[in-house]
Amino acid sequence: MSAATKPASTEAALTMSGAEVVLRALKDNGVDVIFGYPGGAVLPIYDALFQQNAIRHILVRHEQAAVHAAEGYARSTGRVGCVLVTSGPGATNAVTGLVDALMDSIPVVCLTGQVPTHLIGNDAFQEADTTGITRPATKHNYLVKKPGDLARVMHEAFYVAKSGRPGPVVVDLPKDILINKAPYTEPPIAEHRSYRPQTEPDAEQVRKAVRLMKAAKRPIVYAGGGVINAGPEASRLLVEFVRMTGFPCTNTLMGLGAYPAGDQQFLGMLGMHGTYEANLAMHGCDVMLNIGARFDDRVTGRLNAFAPTSKKIHVDIDPSSINKNVPVEVPIVGDAGRVLAAMIECWKAEDAPQDTHVLTAWWRQIDEWRAKDCLRYRQEGKIIKPQHAVKRLYEITQELGRETFISTEVGQHQMWAAQYFGFAKPNRWMTSGGLGTMGYGLPAAMGVQIAHPDALCIDIAGEASILMNIQEMATLAQYRLPVKVFILNNEYMGMVRQWQELLHGGRYSESYSAALPDFVKLAESFHAKGIRVTDAADLDAGIREMIAYPGPVIADIAVAKDENCFPMIPSGAAHNEMILGPEQEGGVKGVTDEGKVLV
Amino acid sequence: MSETGNAQRAATIAVLVENEAGVLARVIGLFSGRGYNIDSLTVAPVDDTGRISRITVVTSGTEMVIDQIKAQLDRLVPVHKVSDLTMEGPHLTRELALIKVVGKGEHRMEALRLADAFRARVVDATTESFVFEMTGNADKIDAFCALMRPVGLVEVSRTGAVAIARGPRGLN
């Protein structure tokens, strides 16, 4: 990569400061907005930002939120999200966001300030070993020690963040590098010297997979976040492939929206809180096509009982995901979109007929599972069921027909959002899947709203999670971002409470949300609107009022305090041992210590 | 894959990496972070420009774990090539050791006789000590050290294994 770059022109080459080179590189890599927080080490970049108009800076109130906002921006646009923080605490505060982006494969470039090169290692003020700390928290990181490396490293950071399996990249920038003159070189065209991920699948493997699928009696397509990361065309190809084959399709938490929720062939989400039909179809299938998912423990349940009668095809852009947890018969390395396109071609070209008769029998079985109606709940009386709150929110947004983006925090509300909010398109759903970061949803929604100013951006939250990044209400106010925070308030860290009820004898150790703020007044103090709904009869009006208000809103919805999130595969159990509702809670209580050690 | 089950095997893996700051920390951090074993690890630049380093790592695990180690190494950004020498045919492994033995009289003579038998060279001598240099595979050095212990072994410094495939084919 470095060999192919040339200075833009020799005279222009040394007229720019390092900070100006950084901004020029951002611009040339298509960045239009950056989420950040200033501090001593990055003042030269803030000075350069002040003197230009190409890049908009959004001032967050905590560096963790800057990264989540960039993640929201990235996930809702398919572009690289960009972050700017200072040295020391600025960088360490960003670490949770970086790991979140790493676990969920979200492309983010995070610029961190650093003490000047001659002070590195001296325990200087606000010094931290940022590249050391973030090495396992990023896909890759850089410390720029020479002005001549600056432009190359900046371009490389964007290339690494977005290619292959996307992820966060940190560029650590010592202050002297930012102040001194540095040469600028255009983004290179040549290949990276060592990092060249494989995107085109092996044709023979695709053929093997298609033959296996043509002969399948009980097939299932299990699609994950890799399909979303491969761009909207990959989701379109997924729909084309699933329709063409007549196969049932389930999505992971990360993959929601890759296949339209309302479709007849969609079985809903799978996994720990997935639907009965999705999990039983996974358990009983004879051929599984995993495309862009990684056999996460939330999905597989007990590994030695996972889809025991199946032959598996695994499509992933990251070869290290293949055979990591689950051995597969047909591995295919490649971009989900390219693989789907190749499979569609190959399916058409293969003469072998499909046995539609056995497929019909499989669907009959699936429809029996569906008839259990595993997501049913009873809304009676005044107390609002959290499921009902999400369902009504979904139905009302559908009715209004506005472009809607949903983010969540982490816990029960997150699972209810995944179960009851239907996504028809990719890039509309932002949730912290891998790391499970409470405090993700509000800043993520903020990033989405920046990218889509006219869309309806809702953070479905819990009253505990929302307090983890509540300071971002000030950012919403400053930039007039009309984000809606929809709190399912059960006065508990609900998922913790649920596990304590089911697995720890109902000893609710430290899971009660004591001393909660008055969310209406809290909203008002942050120049937002506050709404509180306590009666089911007022729910619709509250939701409509929230959506209609032109600015930011906190809607505090008091919901049933002891509702559990079902269906549920208890830890250490298999897909076919899932619990459908309270009447089967005894099944959870039988969990062994071996199961209990699992998170 | 599953047929190989839980049988452990050793693997000598050669990794060509971009010789940049932090690259060794990335490789070592990957092993510690994911709980893999390192039995030995060596590293040095190997091309004339000094831009490429070769890391030789000896590890062990089930077939699935070793495949995982190779895949995880391969996806590090500065890694050019990963090669499982153990799987890819016959290869040579060598290690260099410096071994200090202290003693007088008969012990001293015995030390020299053993060194001769193992083709170890004397690289330093005083009236009461020798430093032997020897190369070989790890087993040979282990055996030599075990024999030297009763005759006055006081210190051992070993490089860890370096390895290369036999035959004309090169890794780059």
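Residue numbers begin at 1 in each chain, while the letters A, B, ... track the order of the sequences. Below, each value reflects all heavy atoms present in this structure, side chains not excepted, and no hydrogens, waters or symmetry copies. Because the structure is predicted, anything quoted here is derived from the model rather than measured.
Few gaps surround CG on B:Leu147; more than 12 heavy atoms of other groups in view lie less than 6.0 Å from it. Residue B:Arg113 qualifies as enclosed at atom CZ: its count of foreign heavy atoms under 6.0 Å is above 12. For A:Asp123, the CG atom is loosely surrounded, since the number of other residues' heavy atoms within 6.0 Å does not exceed 12. Residue B:Lys140 places its NZ atom among more than 12 non-hydrogen atoms of other residues, nucleotides or ligands, all under 6.0 Å distant. In the displayed structure, B:Arg119 atom CZ is contacted under 6.0 Å by at most 12 heavy atoms of other residues, nucleotides or ligands.
The contact between A:Asn141 and chain B is made by backbone and side chain atoms together, counting heavy-atom distances below 4.5 Å. Proximity to chain A involves both the backbone and the side chain of B:Gln72, based on heavy atoms less than 4.5 angstrom apart. Contact of A:Asn325 with chain B is made through the backbone alone, with heavy-atom distances under 4.5 Å. In this structure, no portion of A:Leu143 lies under 4.5 Å from any heavy atom of chain B. Using a 4.5 Å cut-off between heavy atoms, B:Val79 contacts chain A through its backbone alone, with no side-chain atom that close. Using a 4.5 Å cut-off between heavy atoms, A:Arg196 does not touch chain B at all.
Of the residues considered (B:Arg26, B:Gln68, B:Glu20), B:Arg26 shows the highest number of contacts with chain A, using heavy-atom pairs under 4.5 Å. Per-residue counts of heavy-atom pairs under 4.5 Å with chain B were compared for A:Arg135, A:Lys145, A:Lys139, A:Glu329; the largest is that of A:Arg135.
A:Asn323 has its side chain out of reach of B:Glu63: every pair of non-hydrogen atoms, C-beta onward, lies at least 4.5 Å apart.
Contact between A:Ser320 and B:Ala71 at its shortest, heavy atoms only, is CA-CB, 3.5 Å. Listed here is the closest heavy atom pair of A:Val326 and B:Met64: N-CE, 4.2 Å.
Residue B:Asp67 holds its CG atom at 14.0 Å from NZ of A:Lys324, rounded to the nearest 0.5 Å. Atom CZ of A:Arg165 is separated from atom CZ of B:Arg75 by 5.5 Å, given to the nearest 0.5 angstrom.
Among pairs with a residue in residues 291-311 of chain A, those fulfilling ring pair (Phe, Tyr, Trp, His ring centres under 6.0 Å) read A:Tyr222-A:Phe295, A:Phe295-A:Phe306, A:Phe295-A:His314, A:Phe306-A:His575, at least two apart in sequence or across chains.
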